[in-house]
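In what follows, a single structure is set out as structure tokens and then discussed.
Heavy atoms only: backbone and side chains are in, while hydrogens, waters and symmetry mates are out. Every value quoted in this text rests on a predicted model; they were computed, and no experiment measured them.
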Amino acid sequence: MHKFLVSFSALTCFAQAYGGDCVQDICLGDTVIDANDRIGLVSSIETTVGGSSIKFSESSSGYTYTSTYERLSKKISSTRFPEGSFALDGQNHIGPVKMAFANGKVYLSEESSGHKYVSNNMSPEVAEYSGIAKGKYVIDTNDRIGKTLHVFEKGQTQYREETTGYNYVVAKATAQVDSIDGLAKGVVAIDSNKRVGVVQVVFANRQARYKELDSGYSYISKDLASETSELVNGTKPGMLVIDSNDRIGTALHLFTNGQGQYKESSTNYNYVSGSLNPEITELNGLKKDLFAIDSNNRVGKVLAVFKNGKGLYREPESGYSYISLELSAAVAVLESGLKPGMVAIDSNDRFGTVLHTFANQKAQYKQNATGYNYVVSSPSPEVPTLEGLSKGIVAIDNNNRIGKVIYVFANKKAVYSENSTGYSYISSTLMNEVPEFGGVSRNTRIIDPNNRIGLTSYVFEDGRVQFVESGTGYAY
């Protein structure tokens with residue numbers, strides 16, 4: 001009995017010192033990680049009364065270390081961190097997962113450097129996070145833009161910046177979207193600095209990158225206004241427009257914020273204005289190709305009429321173009337009955353043929369004597385007859401000048417050509433020739449107070465006569 005007891009005790013002690021294949025879930029040949037993040041293969045397991053002793057050979061160094069079950073964690077097959085999938089640690093190291101362990105630690109090989117890192121603060125790569133996905137553009141809080149390389153479950157994003165080619169990892173990025181508030185790739189837009197460009201990419205926070213049309217430079221803005229087909233006042237691309245500085249040009253692009261870009265006609269420069277007014281067909285009688293007059297008495301042919309009441313016109317005499325808000329349109333006839341083509345006389349006794357008559361009762365005429373053009377208010381028109389005076393009759397003025405009437409005007413003035421000199425004069429006190437006065441008619445022999453005798457040439461309504469003295473042939 002004792003011998004048995006001794007033998008049993010020896011067997012028990014031997015069994016307690018025996019090297020087994022496994023301690024719980026850790027077995028020979030398993031990959032494990034210790035508390036110091038050393039990773040290796042289990043090479044031996046010793047089990048004693050006091051516990052287990054596990055030796056493993058570190059993969060990186062080849063050194064053998066001894067640990068206990070409690071300080072080791074076994075490599076597992078993780079659905080969250082499958083081998084080959086990408087992960088991100090707390091230091092922004094990114095790379096494919098090499099191993100995952102039961103204690104939550106993950107071992108990865110950094111993609112950029114090949115260095116190995118172990119961490120229990122890993123984020124796995126995901127297919128999409130808040131619209132961010134691999135291959136799509138993102139923008140970070142520093143306005144850097146690039147294509148997404150990897151996105152992780154907490155929204156951390158790695159992207160390659162387009163301008164530098166550098167890779168960045170950010171905790172917060174904003175995803176590219178197809179469109180927002182009318183902004184989309186290829187749409188023309190304008191920023192708050194009046195830069196006009198073509199949108200290249202739009203993001204969910206309404207930021208957009210665009211290439212300025214004039215300079216070719218790219219900018220990023222959050223306050224872009226997209227292009228529209230028409231402004232509220234009817235302005236459309238291609239129309240002639242005028243801005244508040246009286247610059248005129250062709251509308252190129254119009255925007256939802258009321259701004260418009262146009263190419264100035266005289267310089268071919270592009271400008272942006274928030275006060276464009278389009279060309280219209282007619283305003284208060286003003287029409288393209290009709291004549292008009294401004295407040296400075298400049299007369300010109302209308303080139304364009306705009307919705308704000310301004311007109312562009314070219315003065316024929318100088319060839320200069322002007323813009324005015326106070327144009328008066330040409331009309332067919334003035335209140336006095338004056339029409340283009342008629343002869344008129346002004347208050348300075350200049351007379352000529354009327355060229356244009358205007359709604360403000362002014363007229364432009366070409367003076368007969370000089371050929372110069374003048375503008376006056378309400379000149380007096382020629383009339384067929386007035387108080388016996390008519391074109392072609394002979395009359396006498398206060399200075400006893402006798403001549404044939406050329407024009408009679410409504411203001412009682414008449415133009416006549418003196419018989420003896422051929423000079424023209426103007427008078428408002430002409431007396432008409434009459435057939436007879438006091439028994440004297442043309443070719444009547446008379447004697448004057450100076451005893452000059454002769455035959456009458458003309459007899460006038462106030463009793464004056466012109467006669468040719470018989471003895472001298474002089475006219476008196």
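A 6.0 Å sphere centred on CD of Glu282 holds more than 12 heavy atoms belonging to other residues, nucleotides or ligands. Within 6.0 Å of the NZ atom in Lys136, the count of heavy atoms belonging to other residues, nucleotides or ligands does not exceed 12. Heavy-atom neighbours of Glu436 CD from other residues, nucleotides or ligands within 6.0 Å: above the threshold of 12. Annotation: Lys154, atom NZ; neighbour count of heavy atoms from other residues, nucleotides and ligands within 6.0 Å does not exceed 12. At most 12 heavy atoms of other shown residues, nucleotides or ligands fall within 6.0 angstrom of atom CG in Asp178. More than 12 heavy-atom neighbours from other residues, nucleotides or ligands sit within 6.0 angstrom of OH on Tyr476.
Side-chain contact between Asn142 and Tyr168 is absent, with no heavy atoms from C-beta onward closer than 4.5 Å. In this structure the side chain of His356 never reaches within 4.5 angstrom of the side chain of Ile293, judged on heavy atoms. Taking the side chain as every heavy atom from C-beta outward, Ser390 and Val405 never approach each other to under 4.5 Å. Put simply, the side chain of Asn348 does not reach to within 4.5 Å of the side chain of Tyr374, judged on heavy atoms. Asn121 has its side chain out of reach of Asp89: every pair of non-hydrogen atoms, C-beta onward, lies at least 4.5 Å apart. Taking 4.5 Å as the limit, some side-chain heavy atom of Arg206 sits within range of a side-chain heavy atom of Asp181. For the pair Ser324/Asn296, no side-chain contact is recorded, criterion being any heavy-atom separation below 4.5 Å from C-beta on. Looking only at side-chain heavy atoms (C-beta outward), Tyr219 and Asn193 stay at 4.5 Å or farther from each other.
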- So Lys185 and Gln200, side chain to side chain contact (heavy atoms under 4.5 Å, CB included) or not? Walk me through it. CA-CA 5 Å; Lys185 184 177 180 179; Gln200 296 173 314; 5.7 Å; no
- Task: Start with the C-alpha distance between Asp243 and Tyr262, add both sets of side-chain angles, then the distance that settles side chain to side chain donor-acceptor pair (under 3.5 Å), and finish with yes or no.
- Result: CA-CA 9 Å; Asp243 71 5; Tyr262 66 97; 2.4 Å; yes
- Query: Taking it one step at a time, do Arg442 and Tyr458 satisfy side chain to side chain contact (heavy atoms under 4.5 Å, CB included)?
  - Reply: CA-CA 6 Å; Arg442 194 182 276 198; Tyr458 300 103; 3.2 Å; yes
- Task: Go through Tyr313 and Leu327 one step at a time and tell me if the side chain to side chain contact (heavy atoms under 4.5 Å, CB included) criterion holds.
- Result: CA-CA 9 Å; Tyr313 61 100; Leu327 286 180; 3.5 Å; yes
- Message: What verdict does the side chain to side chain contact (heavy atoms under 4.5 Å, CB included) test give for Val196 and Asp214, after you've listed the backbone C-alpha separation in whole Å, the side-chain angles of each residue and the deciding distance to 0.1 Å?
- Response: CA-CA 8 Å; Val196 176; Asp214 288 345; over 6 Å; no
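For the 3.5 Å distance criterion, the side chains of Asp397 and Tyr425 fail to qualify, holding no donor opposite an acceptor. A side-chain N or O of Tyr365 and one of Asp346 form a donor-acceptor pair less than 3.5 Å apart. Checked by atom type, the side-chain pair Thr235/Asn233 shows a donor-acceptor distance below 3.5 Å. Asp140 and Tyr159 are linked by a side-chain donor-acceptor pair at a separation below 3.5 angstrom, with hydrogens and angles left out of the test. In the model, Asn205 has no side-chain atom that pairs as donor or acceptor with a side-chain atom of Lys222 under 3.5 Å. For the 3.5 Å distance criterion, the side chains of Gln156 and Ser123 qualify, holding a donor opposite an acceptor.
If you take CZ on Phe358 and CG on Asp294, they are separated by 9.5 Å, rounding to the nearest 0.5 Å. The CD atom of Gln158 sits 8.5 Å away from atom CZ of Phe86, with the distance rounded to the nearest 0.5 Å. Once rounded to the nearest 0.5 Å, the distance linking CZ of Arg71 with CG of Asp34 reads 7.0 Å. To the nearest 0.5 Å, the span separating CG on Asn103 from CG on Asn120 amounts to 7.5 Å. From Ile190, atom CD1 reaches atom CD of Gln259 across 5.0 Å, with rounding to the nearest 0.5 Å. Distance check: Ile406 CD1 to Lys404 NZ gives 10.0 Å after rounding to the nearest 0.5 Å.
Of all heavy-atom pairs between Arg195 and Tyr210, the closest is NE-OH, 3.6 Å. Nearest heavy-atom pair, Asp349 versus Ile426, reported as atom, atom and distance to 0.1 Å: O-CD1, 3.0 Å. The minimum heavy-atom distance between Gly388 and Ile393, with the atom names listed, is O-CD1, 3.5 Å. The minimum heavy-atom distance linking Pro381 with Leu338 is given by the pair CB-CD1, 3.5 Å. Contact record, Met122 with Leu108: CE-CD2, 3.2 Å, taken as the closest heavy-atom pair. Between Thr353 and Asn368 the shortest heavy-atom distance is N-OD1, 3.6 Å.
In this structure, the side chain of Ser417 does not engage the main chain of Gly403 through any donor-acceptor pair within 3.5 Å. Side-chain N or O atoms of Arg247 include none that pairs as donor or acceptor with a backbone N or O of Ser266 at under 3.5 Å. Put simply, the side chain of Ser321 never gets that close to the backbone of Arg314: no donor and acceptor are under 3.5 Å apart. Without hydrogens or angle criteria, Asn411 side chain to Lys413 main chain gives a donor-acceptor distance under 3.5 Å. Of the possible polar contacts, none joining the Ser275 side chain to the Ser273 backbone as a donor-acceptor pair under 3.5 Å is found. Checking side-chain atoms of Thr385 against main-chain N and O of Leu389 turns up a donor-acceptor pair under 3.5 Å. No donor-acceptor pair under 3.5 Å is formed between the side chain of Lys194 and the backbone N or O of Ser192. Checked by atom type and distance alone, the side chain of Glu128 pairs as donor or acceptor with a backbone atom of Ser130 at under 3.5 Å. Judged by distance alone, with hydrogens and angles left aside, the side-chain atoms of Ser328 form a donor-acceptor pair with the main-chain N or O of Asn360 at under 3.5 Å. At least one donor-acceptor pair closer than 3.5 Å links the side chain of Ser73 to the backbone N or O of Ala102.
Not counting sequence neighbours, the partners of Glu83 by the salt bridge (Lys or Arg N to Asp or Glu O under 4.0 Å) test are Lys75. Partners of Lys310 according to the salt bridge (Lys or Arg N to Asp or Glu O under 4.0 Å) rule, which considers only residues two or more places apart in sequence or in another chain, are Asp246. Under the salt bridge (Lys or Arg N to Asp or Glu O under 4.0 Å) criterion, Arg464 pairs with Asp462, sequence neighbours left out. For Lys74, the salt bridge (Lys or Arg N to Asp or Glu O under 4.0 Å) partners two or more places apart in sequence, or in a different chain, are Asp30.
A ring pair (Phe, Tyr, Trp, His ring centres under 6.0 Å) check over residues 95-127, counting only residues at least two apart or in different chains, returns the pairs His93-Tyr117. Identified under the ring pair (Phe, Tyr, Trp, His ring centres under 6.0 Å) test for residues 375-403, with sequence neighbours left out: none.
Ring geometry for Phe255 against His253 counts as tilted: the plane angle lies between 30° and 60°, on a 0 to 90° scale.
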